[in-house]
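Notes follow the structure.
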Amino acid sequence: MSATVNDRIIVALDFPTRKGALEMVEALEGASFFKVGAQLFTEAGPGLIGDLIKKGKKVFLDLKFHDIPNTVAGAVRAAAQRGVEMLTVHASGGEAMLRAAREAAGDDGPTVVAVTLLTSLASEDVEHVFGRTPASLVDEVVRLTGLAVSSGLSGVVASPAEVKPLKRSYGDVLQVVTPGIRLAGDDPADQSRFATPERAARAGADYLVVGRSITAARDPAAAFAEVVQAYESGRGPEA
Ligand code: C5P
């Protein structure tokens with residue numbers, strides 16, 4: 001996954017309508033990578049993926065697939081045929097599902113990225129779901145990433161605080177996609193564990209997913225440029 005700096009900033013199109021999403025894409029001429037999540041996909045449908053690709057944009061389809069291997073493989077194939085660049089599956093779907101997703105993506109298809117623990121889950125929630133107390137949430141994220149890696153995946157979604165422990169455990173071959181980004185001085189809104197683009201980049205994040213810091217800014221194009229610049233200064237000239 002070699003990429004320019006602009007390609008490393010994924011703008012989350014968390015809009016309730018196709019029109020709102022496409023207006024934001026028009027306003028962000030310099031941005032090349034956009035995230036389509038469950039809300040927008042359900043409202044606008046898969047045709048939106050083609051609309052974005054026709055504009056020369058890359059699409060991160062964040063639908064967090066979690067189902068039997070055959071069904072997930074079918075969904076990944078459908079996404080690959082639509083030209084998606086990157087997509088998410090739940091690591092907790094297990095090895096067979098992860099392998100099926102990876103195989104369905106093929107060698108030239110989308111990068112399959114695993115979601116480990118949703119950041120909305122606290123330690124007690126993990127206990128309720130899995131029936132045991134994790135040593136720590138970070139340990140659990142590192143463990144689930146191990147499952148994704150041993151199942152052939154090379155990327156995970158992880159919060160800024162988890163990037164360093166993940167890189168320490170799995171090295172730079174692991175691509176880390178990091179949401180929870182706020183420009184210095186922004187309102188954190190509902191993100192409790194967030195970081196500036198610079199800090200996330202310094203920790204080693206390969207891709208940043210940025211929503212409201214850009215899309216709710218008074219001047220989204222200027223905010224995007226600010227994120228790119230902050231990412232570059234954190235990452236250094238080699239990025
Ligand atoms: O607006 P904001 O920058 O908080 O948007 C973050 C985006 O990243 C949203 O689309 C959200 O679904 C996604 N995300 C997240 N935290 C995670 C995983 C994904 O905020 N742990």
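Here the structure is a predicted model, which is why all the values come from computation and not from measurement. Whatever order the structure lists them in is the order used to number ligands and atoms, beginning at 1.
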Open item on the list: Checking the N or O distance criterion of under 3.5 Å, is ligand 1 in contact with Lys64?
Closed with: no

Open item on the list: My understanding is that only residues two or more places apart in sequence, or in another chain, count here; which of them pass side chain to side chain donor-acceptor pair (under 3.5 Å) with Lys55?
Closed with: Glu26

Open item on the list: Between ligand 1 and Ser213, is the shortest N or O to N or O distance under 3.5 Å?
Closed with: no

Open item on the list: If you apply the rule side-chain contact (heavy atoms from CB on, under 4.5 Å), what do you find for Val176 with Tyr207, and how did you get there?
Closed with: CA-CA 6 Å; Val176 183; Tyr207 293 86; over 6 Å; no

Task: ligand 1 atoms in contact with Arg212 (distance to a heavy atom under 4.0 Å) - done: 1 (O), 2 (P), 3 (O), 4 (O)

Open item on the list: If hydrophobic clusters are built by linking Ile, Leu, Val, Met, Phe, Trp and Tyr wherever their side-chain heavy atoms come under 4.5 Å apart, do Phe130 and Leu118 end up in the same one?
Closed with: yes

Open item on the list: Any nitrogen or oxygen of Asp62 lying under 3.5 Å from a nitrogen or oxygen in ligand 1? Just yes or no.
Closed with: no

- [ ] Using the six-membered ring wherever Trp is involved, compare the ring planes of His90 and His66 and label them parallel, tilted or perpendicular (cut-offs 30° and 60°).
- [x] tilted

- [ ] Within a distance under 4.0 Å of any heavy atom of Asp14, pick out the atoms of ligand 1 and give their elements.
- [x] 9 (C), 10 (O)

TODO: Would you please determine whether Leu118 falls within less than 4.0 Å of ligand 1 on a heavy-atom basis?
DONE: no

Open item on the list: Assess the residue pair Leu166 and Val141 against the criterion (side-chain contact (heavy atoms from CB on, under 4.5 Å)); give the C-alpha distance rounded to whole Å, side-chain angles, the decisive distance to 0.1 Å, and a yes or no.
Closed with: CA-CA 8 Å; Leu166 286 171; Val141 168; 4.2 Å; yes

Task: N/O separation below 3.5 Å, Gly211 to ligand 1 - done: yes

Name the atoms and distances for all side-chain donor-acceptor pairs under 3.5 Å in residues 38-45, with sequence neighbours left out.
| from | atom 1 | to | atom 2 | distance (Å) |
| --- | --- | --- | --- | --- |
| Thr42 | OG1 | Ala38 | O | 2.6 |

TODO: Under 4.0 Å from a heavy atom of Arg182: give me the atoms of ligand 1 that qualify, with their elements.
DONE: 2 (P), 3 (O), 4 (O)

